[in-house]
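Everything quoted here is computed from the prediction, not taken from an experiment. Numbers here are sequence positions counted from 1.
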Amino acid sequence: MALDYAKAAREVLEKVGGADNVASAAHCATRLRLVIADNSKVDKEGLENVEGVKGVFEAQGQTQIIFGTGTVNKVYEEFLRAGGISEASKEEAKQAAAAQQNIVMRGIKLLGDVFVPIIPAIVASGLLLGIMSTLNFMIGKGIISISTENPIWIVADIVSSTAFGFLQVLIGFSAAKAFGANPYLGAVVGALMISSSMPSAYDMAADAEAGTLSTLSIFGLYDINWYGYQGHVVPIVIACAILAFLEKRLHKVVPEAIDLFVTPLVSVFVTAFVVLLAIGPIFVILENWVLWAVQWLITLPLGIGAFIVGGFYAPTVVTGLHQMYTAIDLGQLAQYGVTYWLPIASAANIGQAGATLAVALKTKDAKVKGLAVPSALSAFMGITEPAIFGVNLRYIQVFIAGCIGGAVGALICSLTGLCASGTGVTGIFGILLCMAMPLQYVIMFFAAACVAFAIAYVTYKDPEAKQLEVSAALEEAEVGGDITYPENAPTVSHEVLTTPVGGTIVPAAEISDPTFAAEVLGPTVAVEPNEGVIVAPADGLVATVFDTGHAVGIVTDSGCELLIHIGIDTVQMGGDGFTTHVKVGKRVKMGDPLVEVDFDKVREAGHPATTMTIVSNGYDFDVEKINHEGTISLGANVFEITRKDAE
């Protein structure tokens, strides 16, 4: 039976507290995105029971209600009509969502925007640094003999230390971009704060012990220790906030004829003057206090503090607080040369993985098993969102079991002094950052996984006749929507569908968005693209083209409803970087270009470029995924489908 869009919209409006409680409304390819004035008025359970709703999330200051492609836009239109609500642009919705978050969550999100983009550089250097440290240890013990004057060794040594040596430049670029300033000016600010014109901060302790501290008198008013900001993170972020404040206001008042050179010069000079001579030294003290407090906590006697941190780590992932942890890792790396925080994070992730694996092995429900197995594997690789949101939070005792396992693993981290040479990688591959202490990492790994597995296996029981909610699994109800094209009635009963873009296969469970990871919208094939043109995966009619260009729907000749979703949360880009080549109703052939995408711009904006091809009405078909691993070429076969009503 076709969904009554008007009825669904009215029920959603009622469950969110009425039109007066809706601050902003927008939608993407699959979800109704509402910014709610008072979340206490929202009946979440009631929303999940509205006909056509496939799940409800709260993320990024929005209540996101999943309807599926082809359905969400029609419910959205009825929703606006029912509530007398004006349509919000994607940017307006994004701003409203940000404003809806409290100041703490906005600050945490900002830290994530600053540090997440630089993680790849830190991971690369950290992994190589761990390998180099291990080799140095083995050379020193006479276990192996390698010439350190070998060209390969020399280049590897340079690569391993560069990202950390110029960390402040990377942070300056990323922070300026997050604050809305010119990122290249941010890089300059970061560079000047580690300028060779100032003594290195790494020499400060030795100078203090020798009584030869370098100081600078500020106009005879007060003296400061005159050292660079090597090993510091927060002062660079604060400097870029000041830079953005100055630059934005100068652009408004400086005449256009001289703006090009006056604004950058004044912005950078004033920022440097204020930060180096006043604000910087204060935030150095505050940053040192924070790092000292963290280190004090995780090194409490008998591992008590680490046990607490490991147990509560996963709940902070649920709330989004974990976005700030990269700053702790980088701060410890800069100050101590290693991070004690990352192994604890790894223990927490492994605990959740062990708990999910227990569910996968014990459940008799095929749907639960189908979700839990790949989610557990993903969590063991360090990607826990599918496991946490798709399985463990559905059964709170399983989630708690994962937390206990993480706490035990973190306890071992503290007792053994386990540390890592970099950040960004946890789970199985986290050992590559702990090459100086591999045995301790292995012990922690198995302890966290086994404790969580045992507790979850004992406490988990299959619910009777209970379907997974939200993003846990495919439901029996219609998922894809009610797009019908009389002129496109099925003409074939069997089709082979191809990938719309070449690149690297991403297992569904490892997709960073839990909805796509759980394949709520239908069987999904995901690709990390290496080219910028998205093409039609089959012959058919274009059913949906979003104005942002980030999603296209096609009804194929067999009646299969395909959704091609380009990137994660790319709706927020408002079409920037996307050029569409088709319109709704256009007949396309397999291989015809649909959208041209600047994936560099997508990644620079902080969005994963992962592109999903989804069979959103899979209930009408026997769908067989054609397995691929590693690199996949454009046009490779990914689905084989046959209509269930074929004679």
Side-chain angles (χ1 to χ4, degrees), residues 45 48-49 53-57 66 68 314 318 349-381 383-406 427-428 446 448-480 507-511 514-525 614-627 639 641-642 644:
E45 184 175 349
E48 293 174 347
N49 292 325
V53 171
K54 310 308 169 194
V56 180
F57 288 102
I66 306 169
V318 177
N349 290 344
I350 293 164
Q352 293 300 320
T356 308
L357 182 61
V359 174
L361 296 181
K362 187 175 183 180
T363 183
K364 299 296 190 293
D365 188 314
K367 290 183 178 180
V368 177
K369 188 179 292 290
L371 178 64
V373 170
S375 295
L377 293 176
S378 171
F380 276 121
M381 298 295 179
I383 309 298
T384 57
E385 281 80 2
I388 291 176
F389 292 105
V391 180
N392 297 2
L393 281 177
R394 303 296 106 201
Y395 315 101
I396 192 63
Q397 73 273 27
V398 176
F399 182 69
I400 293 173
C403 292
I404 295 173
I428 291 173
F446 281 101
C450 291
V451 169
F453 180 93
I455 297 174
Y457 197 88
V458 170
T459 58
Y460 173 78
K461 293 181 180 180
D462 278 329
E464 294 183 7
K466 181 180 179 181
Q467 290 182 315
L468 290 176
E469 306 166 13
V470 189
S471 66
L474 299 172
E475 297 186 2
E476 297 297 330
E478 182 172 349
V479 175
E510 295 180 15
I511 301 172
T515 299
F516 294 122
E519 299 187 79
V520 172
L521 302 172
T524 302
V525 170
I614 304 167
V615 178
S616 60
N617 62 338
Y619 45 83
D620 286 335
F621 293 84
D622 290 321
V623 181
E624 180 181 350
K625 278 189 188 181
I626 300 173
N627 291 328
F639 287 116
I641 62 172
T642 303
K644 290 181 178 179

| Lys362 to Tyr457, cation-pi by 6.0 Å centre distance and 45° axis angle | yes

| note | Contacts of Ala448 meeting side-chain contact (heavy atoms from CB on, under 4.5 Å) (sequence neighbours excluded), chain-then-number -> Ile350

| remark: Of all heavy-atom pairs linking Ala452 and Ala355, the shortest is CB-N, 3.9 Å

| task | Check step by step if side chain to side chain contact (heavy atoms under 4.5 Å, CB included) holds for Thr524 and Ile511. | result | CA-CA 10 Å; Thr524 302; Ile511 301 172; 4.2 Å; yes

| Does the pair Phe639 and Ile626 meet the rule for a side chain to side chain contact (heavy atoms under 4.5 Å, CB included), with working shown? | CA-CA 6 Å; Phe639 287 116; Ile626 300 173; over 6 Å; no

| message | Contact between Phe380 and Leu357 at the side-chain level, heavy atoms closer than 4.5 Å - yes or no? | response | yes

| message | I need the minimum non-hydrogen distance between Lys461 and Gln397, along with the two atoms involved. | response | N-NE2, 4.3 Å

| query | What closest approach, in Å, do Lys369 and Pro374 show between heavy atoms, and which atom pair accounts for it? | reply | O-CD, 4.2 Å

| Side chains of Thr356 and Asn392: closer than 4.5 Å at any heavy-atom pair? | yes

| note | Taken in chain and number order and not counting sequence neighbours, the residues that satisfy side-chain contact (heavy atoms from CB on, under 4.5 Å) with Val451 are Ile404, Val408, Ile455

| Value rounded to 0.5 Å, distance of OH in Tyr395 from OG1 in Thr459 | 12.5 Å

| query | Would a 4.5 Å heavy-atom cut-off, applied to side chains only, mark Gln352 and Cys403 as touching? | reply | yes

